[in-house]
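In what follows, a structure is listed as structure tokens, so that the remarks can point back to it.
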Amino acid sequence: MNQNIAGILPASRWGKLIPIAFITYSLAYLDRANYGFGAAAGLAEDLNITPAISALLGALFFLGYFCFQVPGGIYAEKHSAKKLIFWSLILWGALATATGMVHSVALLAVIRFLLGVAESVVMPAMLIFLSHWFTRAERSKANTFLFLGNPITVLWMSILSGYLVNAFGWRGMFIIEGVPAILWAFIWWKIYADRPRDAKWLNEAEKRAVENALAAEQQSIKPVKNYREAFRSPKVLALAFIHFFWNIGMYGFIMWLPSMLKSASGMGIVGTGWLSAAPYLLAVPLMLTASWFSDKYQQRKNIVLLFLGLGAVCFIASFTLGATHFWLSWVLLVIAGGAMYTPYGPFFAAIPEMLPRNVVAGAMSFVVCFGALGSFVGAWIVGYLNGLTGSPAASYVFMGGSLVVAVLLTALTTFSSLSTPTAQTRSAHS
């Protein structure tokens, strides 16, 4: 990137845009991750749900999440994320609150699926939104601030949910934690801007600087005719399957960590909440450090490979030690969880650098979509295996094996543009 161009890119973008992206994604994550606490706090017993059905209910969210990723991403690119996210916030807040009011397993299943549908547009829309505002030299950091909403939310949610369940029961927890999304929708509507040209807080020179810098990046990327061609790209398919196997381990871990720790430690729900918070606390400094390194040295693949590999090794070591060495096993789980979160910023920063603007929304949504399918498989199979065997051992093997596959696929995939920059483009970016 030309230093003169980079130097006039408005710094105000970070203060205006990153907080709203962070809070929006945080609220989405709150209302998807607290099911694990509900399950650990008596939801299944109160509704007479078997372990197999409980696992399916936990995973139904991700089935709904899978179905609308690509349409949501394309709509955000071609039209506007503003209306899409506004109505999504209201809908998922209402559905999350309704979870605390159900007395029927069938109705709970419908709510879990619709909650996934409502939240499915958030991640692709947010990633497309950030790609409209931040350049290649900034994108991993911008993505990481978005994804920090994930571990930071689960961090305070793990602690708060334990206290809310203790004070109000699992129903009260769901009702209370669903309200903020509805309130935030109106703040989102007031301050959000889809693109630089829509931002009233930028002057014309600042708008042009951002638009021109992003347009210059497109010159180094080989044209792709349509979404079909993009979806068939070997690199896009590789990234999709990496995300699939990665999320099997990631969301199996997130959904069922409270239940597994409660069983292994013998602690109450508040103590379990504190233990469950540790991986997400570690993830925050790891994600910030990795994103800085990724942007400064443009090391997308190496960051993903390093931390996915670390996560897989620690995860496998943790279940190898087992409950007989609970505290050492827990420390390894903390490292595994933090490491699994770390590469999300660099991973998704690579996609707009591979594909041109006309297809990047669909391609990014396609990769996210595969991740949602992996989340469904992970959340369902892990819960099912825990209920079937009465022990987390089989589910640990399943999640660890999936992470190993993700690491191997990453090692075999090239994270770079689909073409070599022209001499003219290299000169413009030098």
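FYI, side chains are in, hydrogens and waters are out, and symmetry mates aren't considered; it's all heavy atoms of this structure.
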Taking only distance into account, with no hydrogens and no angle test, what donor-acceptor pairs under 3.5 Å do side-chain atoms of residues 178-188 form with protein atoms, sequence neighbours excluded?
from   : atom 1 : to    : atom 2 : distance (Å)
Trp184 : NE1    : Thr24 : OG1    : 2.9
Trp188 : NE1    : Lys82 : O      : 3.1

Give a yes or no on whether a salt bridge exists between Arg208 and Glu211, defined as a side-chain N under 4.0 angstrom from a carboxylate O.
no

Distance-minimising heavy-atom pair for Ala96 and Leu115:
N-CD1, 4.1 Å

Atom of Ala199, atom of Lys207 and distance for their closest heavy-atom approach
O-CE, 3.0 Å

Residues in ring-ring contact (aromatic ring centres under 6.0 Å, His included) with Phe370, at least two apart?
Phe241, Phe366

Mark yes or no for whether Asn143, through its side chain, and Ser140, through its backbone, hold a donor-acceptor pair below 3.5 Å.
no

Hey, is the main chain of Met340 close enough, under 3.5 Å, to the side chain of Trp246 for a donor-acceptor pair?
yes

Side chain His132, main chain Arg195, donor-acceptor under 3.5 Å:
no

Distance-only donor-acceptor hits, side chain of residues 11-23, under 3.5 Å, sequence neighbours excluded:
from  : atom 1 : to     : atom 2 : distance (Å)
Arg13 : NE     : Pro10  : O      : 2.7
Arg13 : NH1    : Trp133 : O      : 2.7
Arg13 : NH1    : Glu138 : OE1    : 3.1
Arg13 : NH2    : Glu138 : OE2    : 2.6

Tell me whether Trp87 at atom CH2 has more than 12 heavy atoms from other residues, nucleotides or ligands lying less than 6.0 Å away.
no

Under the side-chain hydrogen bond (donor to acceptor under 3.5 Å, both in side chains) test, which residues partner Ser80, sequence neighbours left out?
Asp194

Between Phe86 and Tyr192, ring centroids under 6.0 Å
no

Once salt bridge (charged side-chain N to carboxylate O under 4.0 Å, His left out) is applied, do any residues pair with Glu206, and if so which ones, sequence neighbours excluded?
none

Which pairs would a plain distance check flag for residues 401-411, meaning a side-chain donor or acceptor within less than 3.5 Å of a matching protein atom at least two apart in sequence or in another chain?
from   : atom 1 : to     : atom 2 : distance (Å)
Ser402 : OG     : Phe398 : O      : 3.0
Thr410 : OG1    : Ala406 : O      : 2.8

Measure from the side-chain N and O atoms of Gln298 to the backbone N and O of Asp295, and report whether any donor-acceptor pair falls under 3.5 Å.
yes

Side-chain donor or acceptor of Ser233 paired with backbone N/O of Glu229 under 3.5 Å
no

Distance only, no hydrogens: is a donor on one side chain within 3.5 Å (strictly under) of an acceptor on the other, for Arg171 and His103?
yes

Criterion ring pair (Phe, Tyr, Trp, His ring centres under 6.0 Å) against Tyr341, the qualifying member of Phe307, Tyr280, Phe147
Tyr280

Thr144 to Pro346 - nearest heavy-atom pair and separation
OG1-CD, 4.3 Å

For the side-chain contact (heavy atoms from CB on, under 4.5 Å) test, which of Leu148, Val122, Ile152 pairs with Tyr25?
Val122

Tyr344 vs Phe348 aromatic rings, parallel, tilted or perpendicular, using cut-offs 30° and 60°?
parallel

